[in-house]
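Okay, structure first, notes after.
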2 protein chains.
Amino acid sequence: MTARSMAEQTLELGAFVPFRLNRLAAGVSRHLAAVYQSRFGLDIPQWRVMATVGSKHGCTAQYIAASTRMHKTRVSRAIAELEGRQLIERASSEQDRREREVRLTKAGRRMYTELVPLALEREARLLACLSGEQLAGFLAGMETLERYLQLED
Amino acid sequence: MTARSMAEQTLELGAFVPFRLNRLAAGVSRHLAAVYQSRFGLDIPQWRVMATVGSKHGCTAQYIAASTRMHKTRVSRAIAELEGRQLIERASSEQDRREREVRLTKAGRRMYTELVPLALEREARLLACLSGEQLAGFLAGMETLERYLQLED
DNA sequence: CCCATAAGGTTGCGAGCGCAACCAATTGTG
DNA sequence: CACAATTGGTTGCGCTCGCAACCTTATGGG
């Protein structure tokens, strides 16, 4: 080991990928929040529940927790709030009376059909700052990292 | 507009980049937490303060908040805890007696020199799952997104 | 058939965080 | 020089979250 390599290493957070990823994710969330927060009065857990239930009718809280990677208590509370706002409804499952099947109400479905195009458009507008080639490279890297960290569904 | 395009759009969270970025950032943080949490008893705010002060001796809480993008109260509390553990120390600035210059103590510097190589190694091990080309593409995309969202320092 | 164990879901509680208000020191302006 | 406005930093408060404990229903083994 040379004297040079003994010199104290430093770490610039601004160049440290874990930090940059957190910062980027927060920035993108903020970029998206305008859609579901100020316009529909949803917070992140509620938005995730709406998005999940909207494409998986009759799913359970269990399923929502697993696919959104939220803690089951967070899901439970988000569901309770959405039910209070009459956006979703629950019915005890026939097969297993511990489970409760979650569905969008009419009002919930109306919000969903309005919300989803706005969210997708927001995502598209963000990604439009990347060239086609850059987008492909970025997504490829994300997928590899997700697989490595076993984050996929 | 065709009848087909009137069909209700759906949104799969698992294919939605904002969600995937949050999930990835959380996964990477968890991957890294083993280093600073279980081994050195630091939480994220404390780790970020240590990292910042370690390469910017005598900086202010202000500076830490700006470069880590943490709320100033979060920084204030992290500093107070680290000071309580005698890892950093503060001295009132001569030029402006509102400011307090933050520095690592001897023990803090010892932790820093032990911590930084482990964190960098952890980052390198994570990124090693990407090919050189994939890594370059991923980082290029990140930089463009950061610039677009004005997340840089 | 009974009881131990597990699984779906909810709730009490403590910890962490952001907002707003605040204190102290500085700067700017008449 | 005085006083308003600003800035660095801390603190009280309310909110959200995760953990652990709990209730209810289902399952499995003797």
Side-chain angles (χ1 to χ4, degrees), chain A residues 19 22-23 25-27 29-30 33 36-38 41-50 52-53 56-85 88-103, chain B residues 19 22-23 25-27 29-30 33 36-38 41-50 52-53 56-85 88-103:
Chain A
F19 171 75
N22 266 291
R23 190 179 57 177
S29 286
R30 194 166 45 74
Y36 55 73
Q37 234 173 64
S38 56
L42 301 175
D43 58 22
I44 293 181
Q46 291 167 354
W47 146 252
R48 288 181 179 171
V49 168
M50 289 291 291
T52 305
V53 176
K56 193 83 175 181
H57 319 286
C59 68
T60 66
Q62 194 81 356
Y63 174 84
I64 299 171
S67 63
T68 62
R69 302 211 148 228
M70 291 195 292
H71 196 274
K72 61 177 181 173
T73 62
R74 211 173 161 194
V75 174
S76 174
R77 283 162 182 147
I79 289 178
E81 288 153 5
L82 292 172
E83 195 176 29
R85 287 179 61 184
I88 64 175
E89 58 192 359
R90 282 184 286 188
S92 291
S93 164
E94 288 299 318
Q95 295 85 354
D96 186 336
R97 283 183 15 230
R98 292 172 301 182
E99 294 182 352
R100 311 183 65 180
E101 298 173 353
V102 183
R103 285 188 178 73
Chain B
F19 171 75
N22 265 292
R23 188 179 59 177
S29 284
R30 195 168 43 76
Y36 56 73
Q37 234 173 62
S38 56
L42 302 176
D43 58 22
I44 293 181
Q46 291 167 355
W47 146 252
R48 288 181 179 171
V49 168
M50 289 292 291
T52 305
V53 176
K56 192 83 175 182
H57 319 288
C59 67
T60 65
Q62 195 81 355
Y63 174 84
I64 300 171
S67 64
T68 62
R69 303 210 147 227
M70 293 196 291
H71 196 273
K72 62 178 181 173
T73 62
R74 210 172 161 195
V75 174
S76 174
R77 283 159 181 147
I79 289 177
E81 287 153 6
L82 292 171
E83 195 176 29
R85 288 178 60 184
I88 65 176
E89 58 193 359
R90 282 184 286 188
S92 291
S93 164
E94 289 298 320
Q95 296 83 356
D96 187 336
R97 277 171 32 219
R98 292 171 302 181
E99 293 182 353
R100 309 182 66 179
E101 299 173 352
V102 183
R103 286 189 179 73

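Order of the sequence lines sets the chain letters (A, B, ...), proteins ahead of strands, with each chain counted from 1.
One finds the CZ atom of B:F19 at 5.5 Å from the CZ atom of A:R48 (value rounded to the nearest 0.5 Å).
Atom CZ of A:R69 is separated from atom P of D:dC17 by 18 Å (rounded to the nearest Å). Residue B:Q37 contributes atom CD, which lies 16 Å from atom P of C:dA15 at whole-angstrom precision. Between the P atom of D:dT16 and the CE atom of A:M70 lies a distance of 14 Å, rounded to the nearest Å. Note: CG (B:D96) to C1' (C:dG28) measures 15 Å, nearest angstrom. Distance, B:Q95 CD to C:dA25 P: 16 Å, rounded to whole Å.
Between B:H71 and A:K72, the residue anchored closer to the 5' end of DNA chain D is B:H71, taking for each the nucleotide with the nearest heavy atom.
Under 4.0 angstrom from either OP1 or OP2 of D:dT10 there lies no side-chain N or O belonging to B:R74. Side-chain N/O atoms of A:S76 include one lying less than 4.0 angstrom from OP1 or OP2 on C:dT10. Residue B:T73 places no side-chain N or O under 4.0 Å from the OP1 or OP2 atom of D:dT10. For B:Q62 and D:dT7, the shortest distance from a side-chain N or O to OP1 or OP2 is not below 4.0 Å.
Salt bridge annotation for A:E101-A:R90: absent, with no cationic side-chain nitrogen under 4.0 angstrom from a carboxylate oxygen.
Residue-level contact check: A:R100 touches the backbone only, with heavy atoms under 4.0 Å from sugar-phosphate atoms and none from bases.
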Please assess B:M50 against B:I88 for the test side-chain contact (heavy atoms from CB on, under 4.5 Å), listing each intermediate value before the final yes or no.
CA-CA 8 Å; B:M50 289 292 291; B:I88 65 176; 4.2 Å; yes

Quick one: do B:Q62 and B:V75 satisfy side-chain contact (heavy atoms from CB on, under 4.5 Å)? Show the steps, please.
CA-CA 8 Å; B:Q62 195 81 355; B:V75 174; over 6 Å; no

Verdict with supporting geometry, B:T52 and B:Y63, side-chain contact (heavy atoms from CB on, under 4.5 Å):
CA-CA 9 Å; B:T52 305; B:Y63 174 84; 3.8 Å; yes

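Judged by atom type and distance alone, A:R77 reaches the base of C:dG12 through a side-chain donor-acceptor pair under 3.5 Å. Checked by distance alone, B:R98 brings no side-chain donor or acceptor within 3.5 Å of a matching partner on the base of C:dT26.
For B:R97, the side-chain atoms get nearest to C:dT26 when compared with the rest of C:dT26, C:dG9, D:dG8.
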